[in-house]
Chemist: 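Structure provided below as structure tokens; questions to follow.
Everything quoted here is computed from the prediction, not taken from an experiment.
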Amino acid sequence: MLIRHRVYLISAGLVAVLVAIGATAPNRFRDVAEATLNTLGHYFGWFYLISTFVFVIFLLALAMSRYGKIRLGPQDCKPDYGVFSWLSMLLSAGFGVGLVFYGMAEPIQHLMEPPHGQAEPGSTAAASLAMQYSFFHWGVSQWAAFSLVGLIIAFFQFRKDRPGLVSTMVEPVTKNLPKRQLISDSLDVLAVLATVMGVATSLGLGVLQMNGGLETVFGWPDNLWSKVAILGAMFLCYMASSYSGLDKGIRLLSNLNMGLCLGFMGYMLFTGPTVLILDNFVNGLGSYLGNFINMALNIPPFEKSDWMNRFTLFYWAWVIAWSPFVGTFVARISRGRTITEYVLGVLLVPPLLACAWIAVFGTTALDLQLNGGVDLAGAVSDNVANGLFMMYEVLPHSTFLSAITMVILFVLLVTSADSASYIVSQMTDHGSLNPPLYKRLTWGVLISAICITLIVASGLRGLQSASLVAALPFAVVLFLMMGVLMWELRADRRAMLIELFHRNDDTPVGADLFEADDFSDLTTEQRIRRRMPIQRRR
């Protein structure tokens, strides 16, 4: 019995140990988190940057390659969801706690501390650069890790009928190694820990901002008990959602979340500086696309600032750690899509929505800072979680805006906790699509516990450190999974071509010359002659 649940017991035990250490020695925990953030950023910053860039290039190349028509499921199957429903669910996945947390604050931070010192702080040039880098941090690079993990899970789960576990996906590499079971269990535990840390980071950001809103609007104290109360209320709602069933609970929460977010963004667009927002959106997209490669690989070796650690490196590590969770959700709704449809949909639609959100809230904040005489930079510097609510105070209907934002944050928190506990339970129950309720509740408690531990012990820096630590080994695993995926895609395409070859009287239908030679009976000399241009053969 215990052997069957070894991944669950080991991973839950490790998370419980981290919670205990953080609770009993918070100062030491904070010091270690701070040192870890600086050390990993210094020694492995290049690895996080190159990994994310490679993920983007790999996915785009795959979408445009001859493998693009392979379906995530049997080749003759149809998508489970229509295009509109599928894109709607992708947009719902694109709205996260982090986007609400940083959507307004990040442009202001970059305005006062321009990336890599490329502009004068507080200038209009810095404002343009702020939108450019905000779009970069929430654009295709962020969704590359999500898309990659989702693609791999969907391919193996729906086309190969294998459990959606990391160990299963790298099985062709590990099956002949000694102590194979130990290696497989270690990989699954690593995936669980990465997911838990990524989820805890997102929940932590949401709790910090909700507490900031309650303090600004209603005078609630910004202390441990307030944060515990927020997490407690979230947990009760999450349990109610769990009892109502996965599809019903998460679907209702996701639909509510999507309606609130789109309605709120539309309201802010048409009541704010509309023309300026639209101009900034177009200009920001142009600057982002035109400078993409430079931003993606820019890590100045002699720069003294820790800007990279606090922004780009943190984001890339966070999304790598968060990728098993989002990737599993995206995989589940993408069955039946071709690889080309999947990559273009997942890699482009949610980032566009994220950039639109940043354009609306970021432009409003920049306009107030530069032209409205409002010191939002000071508010964000004092407490980044309070910045959005300080902006609302100078806008009409401020209490209404704050209330809607806190409702959105709370729904996002509950949805994230509900979905994440399901995904982690699935990962610790041999990939079962219906993990037992006790595992879901256990992981709900542990994720909440590690979240509050990171907040209390070391705040935002602790959340950033947790993501960096969890993402480093998992990024290596992602490269391994990419290699296995390419091996399987090649074998899959070859099998389809051979079937067509025999079905059409030994005619190489759909194959190029090199692929046709792979399964034909021609001699080496005949193969070479067939590849020669017609003019030369004459």
Chemist: Rounded to the nearest 0.5 Å, what separation is found between the CZ atom of Phe58 and the CG atom of Leu478?
Modeler: 10.5 Å

Chemist: How far does CG of Leu401 sit from CE of Met406, to the nearest 0.5 angstrom?
Modeler: 10.5 Å

Chemist: For residues Leu446 and Val424, determine if any side-chain heavy atom of one lies less than 4.5 Å from a side-chain heavy atom of the other.
Modeler: no

Chemist: Yes or no on side chain to side chain contact (heavy atoms under 4.5 Å, CB included) for Thr312 and Met295, after CA distance, side-chain angles and deciding distance?
Modeler: CA-CA 10 Å; Thr312 306; Met295 290 187 293; over 6 Å; no

Chemist: What are the two closest non-hydrogen atoms of Val319 and Ala145, and how far apart are they?
Modeler: O-CB, 4.0 Å

Chemist: Out of Val477, Leu485, Val484, which one pairs with Met481 under the side chain to side chain contact (heavy atoms under 4.5 Å, CB included) rule?
Modeler: Val477

Chemist: Could you pull out all residues at least two apart from Ser186 that satisfy side chain to side chain contact (heavy atoms under 4.5 Å, CB included)?
Modeler: Leu182

Chemist: Taking only residues two or more places apart in sequence, or in another chain, which ones meet Ala449 in a side chain to side chain contact (heavy atoms under 4.5 Å, CB included)?
Modeler: Val19

Chemist: Which residues pass the side-chain hydrogen bond (donor to acceptor under 3.5 Å, both in side chains) test with Lys78, sequence neighbours left out?
Modeler: none

Chemist: Who pairs with Gln132 by side-chain hydrogen bond (donor to acceptor under 3.5 Å, both in side chains), at least two apart in sequence or on another chain?
Modeler: none

Chemist: What residues, two or more places apart in sequence or in another chain, satisfy ring pair (Phe, Tyr, Trp, His ring centres under 6.0 Å) together with Phe155?
Modeler: none

Chemist: In Å and rounded to the nearest 0.5 Å, what is the CE to CZ distance from Met391 to Phe389?
Modeler: 10.0 Å

Chemist: Where the side chain of Gln157 meets the backbone of Leu72, is there a donor-acceptor pair that is under 3.5 Å apart?
Modeler: no

Chemist: Among all residues two or more places apart in sequence or in another chain, which pass the ring pair (Phe, Tyr, Trp, His ring centres under 6.0 Å) test with Phe479?
Modeler: Phe55

Chemist: Using the side-chain hydrogen bond (donor to acceptor under 3.5 Å, both in side chains) criterion, which residues pair with Ser287? Sequence neighbours excluded.
Modeler: none

Chemist: State which residues pass side chain to side chain contact (heavy atoms under 4.5 Å, CB included) with Thr52; sequence neighbours excluded, sorted by chain then number.
Modeler: Ser141, Trp316

Chemist: Any side-chain heavy atom of Asp185 within less than 4.5 Å of one from Ile10?
Modeler: no

Chemist: Can you name the side chain to side chain contact (heavy atoms under 4.5 Å, CB included) partners of Ser134, sequence neighbours left out?
Modeler: Glu106, Pro107, His110, Ile358

Chemist: Among residues at least two apart in sequence or on other chains, which ones pass salt bridge (Lys or Arg N to Asp or Glu O under 4.0 Å) with Arg71?
Modeler: none

Chemist: How long is the straight-line distance from CG of Leu347 back to CG of Leu59, given to the nearest 0.5 Å?
Modeler: 6.0 Å

Chemist: Okay, side chain of Ser147, backbone of Trp143: is any donor-acceptor separation there less than 3.5 Å?
Modeler: yes

Chemist: Carefully, step by step, assess Lys227 and Met210 under the rule side chain to side chain contact (heavy atoms under 4.5 Å, CB included).
Modeler: CA-CA 9 Å; Lys227 295 176 178 64; Met210 275 207 71; over 6 Å; no

Chemist: Let's go through Phe292 and Phe53 carefully: what are the C-alpha distance in whole Å and the side-chain angles of both, what is the deciding distance for side chain to side chain contact (heavy atoms under 4.5 Å, CB included) to 0.1 Å, and is it a yes or a no?
Modeler: CA-CA 10 Å; Phe292 175 75; Phe53 182 71; 3.9 Å; yes

Chemist: Distance from Asp429 atom CG to Trp443 atom CH2, nearest 0.5 Å?
Modeler: 12.0 Å

Chemist: Got Phe474 and Leu193 here, is their nearest side-chain heavy-atom distance under 4.5 Å?
Modeler: no

Chemist: Donor-acceptor pair, distance only, cut-off 3.5 Å: does the side chain of Thr363 make one with the backbone of Val360?
Modeler: no

Chemist: Calculate, to the nearest 0.5 Å, the distance between atoms CG and CG belonging to Leu348 and Leu60 respectively.
Modeler: 7.5 Å

Chemist: Could you tell me if the side chain of Pro115 sits less than 4.5 Å from the side chain of Gln109, heavy atoms only?
Modeler: no

Chemist: According to ring pair (Phe, Tyr, Trp, His ring centres under 6.0 Å), who are the partners of Tyr315, at least two apart in sequence or on a separate chain?
Modeler: Tyr102, His137, Trp138

Chemist: Only counting residues at least two apart or in another chain, list the ones meeting side-chain hydrogen bond (donor to acceptor under 3.5 Å, both in side chains) with Asn291.
Modeler: none

Chemist: Tell me, do Ile423 and Pro324 make a side-chain contact under 4.5 Å, heavy atoms counted?
Modeler: no

Chemist: Should the heavy atoms of other residues, nucleotides or ligands under 6.0 Å from NZ of Lys160 be counted, would the total exceed 12?
Modeler: yes

